[in-house]
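Everything on this sheet refers to the single structure shown next.
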Amino acid sequence: MTDTPGIVVTGASGRMGQMLVREVSASPDCHLVAALEREDSDWIGRDVGTAMGGAELGVTVTSDALEAFARAQAVIDFTAPAATVEFAALAAQARAVHVIGTTGLSGDDLKKIDAAAHHAVIVRAGNMSLGVNLLVELTRKVSQALGEAFDIEIVEAHHKAKVDAPSGTALMLGEAAAEGRGVALDDVADRGRDGMTGPREAGAIGFSAIRGGDIVGEHDVLFAGAGERIVLRHVATDRGIFARGALRAALWGQDKRPGQYSMADVLGL
Ligand SMILES: NC(=O)C1=CN([C@@H]2O[C@H](COP(=O)(O)OP(=O)(O)OC[C@H]3O[C@@H](n4cnc5c(N)ncnc54)[C@H](OP(=O)(O)O)[C@@H]3O)[C@@H](O)[C@H]2O)C=CC1
Ligand SMILES: O=C(O)C1=N[C@H](C(=O)O)C[C@H](O)C1
């Protein structure tokens, strides 16, 4: 037996799920207690390590979330909105820290996650990397300094399997840019241009999404002024940056009071 925090990885067969299983099982600071998949997944009942094509890890893939969460101190969850909302209620019941990387959550989903955060620690971020969370802070500062004389456009690029747009990261950057200007993002966001759009609206924060191939995740924040342009850019080349951030959040959350926290809290930004 080990006395390090026990961690459940949800969506274990997914792109992020597999990366998380690797990070958690390689870390000396925690141990993998369960790997979760859908009931009808052909990974159920198999050792998660061998299902991933590697060495046995001694953890059998299960679909019983509540039983798994009851044995864990943290749940790391990069799945899909419907699953994440369900897992938030179950993690709260088990009083396990819930680290949410899932993006594309609706306003209704976020209300349910808020309710779960009354009972347990939730750390949620559209991007768990150190670099992007620093970029968010820079975006807020540059937006505040420049004001509306500079037009803000956020351009993101991801792999062809991504199902939500704009990305969670683009929305975090948009929120920060809006905060820097003292406005609400919902009032100024321009999330898709097509046809006779007319000239750009003053004060708008524009979003563009590129999807293709195996792009891990790229984000540009453009501040376009008269005669000059500033571009803040983050390029992810390895999903390990998200997995390591999520693991850091799971460990950080162990001694925190119930509530909802961000990666900025975890990183002390
Ligand atoms: N915050 C961050 O730093 C990052 C966030 N993400 C986000 O993480 C999420 C997952 O991304 P990615 O790993 O690329 O996606 P994948 O599609 O590769 O993996 C998602 C996994 O979740 C499982 N899943 C989906 N719905 C359910 C459900 N209802 N019950 C149980 N399991 C379910 C999927 O199973 P099945 O295949 O059977 O549907 C799959 O195994 C996305 O929202 C993405 O935007 C990604 C990278 C970084
Ligand atoms: O789906 C992805 O892959 C990613 N999703 C997150 C997002 O929506 O911003 C984070 C990262 O860019 C990869």
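Both ligands and their constituent atoms are indexed starting at 1 by order of listing. What you are looking at is a predicted structure, and each value in this text was computed from that prediction instead of being measured.
- When heavy-atom distances to ligand 1 are checked against a 4.0 Å cut-off, Ala125 comes that close only through its backbone atoms N, CA, C and O.
- Of all protein heavy atoms, the one closest to atom 1 (O) of ligand 2 is Lys162 NZ, 2.9 Å.
- Side-chain contact of Ser167 with His219: a donor-acceptor pair under 3.5 Å is present, judged by distance alone.
- Atom CD of Gln73 and atom SG of Cys30 lie 10.5 Å apart (nearest 0.5 Å).
- Residue contact check: Phe242 has heavy atoms under 4.0 Å from atoms 3 (O), 47 (C), 48 (C) of ligand 1.
- In terms of hydrophobic clustering, with Ile, Leu, Val, Met, Phe, Trp and Tyr side chains grouped at heavy-atom distances under 4.5 Å, Val99 and Leu105 are assigned to different clusters.
- Residue contacts with ligand 2, taken as heavy atom pairs separated by less than 4.0 Å, do not involve Glu156 at all.
- Taking atom 45 (O) of ligand 1 as the reference point, the nearest protein heavy-atom neighbour is Thr103 OG1, 2.5 Å.
- The OG atom of Ser262 sits 12.5 Å away from the CG atom of Asn127 when rounded to the nearest 0.5 Å.
- A distance of 5.0 Å separates CZ in Arg124 from CD in Gln260, rounded to the nearest 0.5 Å.
- Residues Glu153 and Arg193 are paired through a salt bridge, judged by an N-O separation under 4.0 Å between the basic side chain and the carboxylate.
- Here is the list of ligand 2 atoms found below 4.0 Å of a heavy atom in Ser167: 7 (C), 8 (O), 9 (O).
- Residue Glu37 touches ligand 1 through its side chain alone, judged by heavy-atom distances below 4.0 Å.
- The closest approach between Ser13 and ligand 1 falls below 4.0 Å for a heavy atom of the residue.
- For ligand 2, the atoms closer than 4.0 angstrom to any heavy atom of Thr103 are 7 (C), 8 (O).
- Using a 4.0 Å cut-off to heavy atoms of Gly126, the atoms of ligand 2 that qualify are 6 (C), 7 (C), 9 (O), 10 (C).
- Against a heavy-atom cut-off of under 4.0 Å, Gly11 is close to the following atoms of ligand 1: 21 (C), 22 (O), 23 (C), 41 (O).
- Comparing heavy-atom distances from atom 30 (N) of ligand 1 across Gly245, Ala83, Gly126 singles out Ala83 as nearest.
- Considering only non-hydrogen protein atoms, atom 9 (C) of ligand 1 sits nearest to Thr79 O, 3.3 Å.
- Close approach to Met16 involves these atoms of ligand 1, each under 4.0 Å from a residue heavy atom: 13 (O), 46 (C), 47 (C).
- Protein heavy atom at the shortest distance from atom 3 (O) of ligand 1 is Met128 N, 2.9 Å.
- Look at Met128 and you'll find every heavy atom at least 4.0 Å from all atoms of ligand 2.
- Nearest protein heavy-atom neighbour of atom 15 (O) of ligand 1: Arg15 NH2, 3.5 Å.
- Counting non-hydrogen atoms of neighbouring residues, nucleotides and ligands closer than 6.0 angstrom, the CD atom of Gln254 exceeds 12 such neighbours.
- With respect to atom 9 (O) of ligand 2, the closest heavy atom belonging to the protein is Thr169 OG1, 2.5 Å.
- Contacts of Met16 with ligand 2, taken as heavy-atom pairs under 4.0 Å, are absent altogether.
- Atoms of ligand 2 lying under 4.0 Å from any heavy atom of His219, numbered from 1 in the order shown and given with element: 12 (O).
- The option with the heavy atom closest to atom 7 (C) of ligand 1, from among Ala161, Ala80, Gly101, Ala236, is Gly101.
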- [ ] Check the pair Thr139, Gln144 against side-chain contact (heavy atoms from CB on, under 4.5 Å), reporting the backbone distance first and the verdict last.
- [x] CA-CA 8 Å; Thr139 298; Gln144 187 173 17; over 6 Å; no
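- The pair Glu156-Arg211 meets the salt-bridge criterion, with a side-chain N (NZ, NE, NH1 or NH2) lying under 4.0 Å from an Asp/Glu carboxylate O.
- Within 6.0 Å of NE2 in His118 there are 12 or fewer heavy atoms belonging to other residues, nucleotides or ligands.
- Ionic pairing of Glu23 and Arg244 is present here: one or more N-O contacts between side-chain nitrogen and carboxylate oxygen are shorter than 4.0 angstrom.
- Between Glu67 and Arg71 there is a salt bridge, with a side-chain nitrogen of the basic residue lying less than 4.0 Å from a carboxylate oxygen of the acidic one.
- Those atoms of ligand 2 with a heavy atom of His159 less than 4.0 angstrom away are 1 (O), 2 (C), 3 (O).
- Protein heavy atom closest to atom 4 (C) of ligand 1, with residue, atom name and distance, is Phe78 CE2, 3.3 Å.
- Side-chain polar atoms of Ser13 and Glu37 form a donor-acceptor pair below 3.5 angstrom.
- Side-chain N or O atoms of Asp47 include none that pairs as donor or acceptor with a backbone N or O of Thr60 at under 3.5 Å.
- In this structure, the protein non-hydrogen atom closest to atom 19 (O) of ligand 1 is Gly14 CA, 3.3 Å.
- Residues Asp114 and Lys112 are not paired through a salt bridge, judged by the lack of any N-O separation under 4.0 Å between the basic side chain and the carboxylate.
- Ranked by closest heavy atom to atom 33 (C) of ligand 1, the top entry among Lys162, Arg38, Met19 is Arg38.
- If you check which protein heavy atom lies closest to atom 12 (O) of ligand 2, you get His158 NE2, 2.6 Å.
- Heavy-atom contacts of Thr102 reach the following atoms of ligand 1: 43 (O) (cutoff under 4.0 Å).
- Rounded to the nearest 0.5 angstrom, Leu130 CG and Leu135 CG are separated by 11.0 Å.
- Of the protein's heavy atoms, Gly168 N, 3.4 Å lies nearest to atom 7 (C) of ligand 2.
- Residue contacts with ligand 2: Val216 is included, with a non-hydrogen atom under 4.0 Å away.
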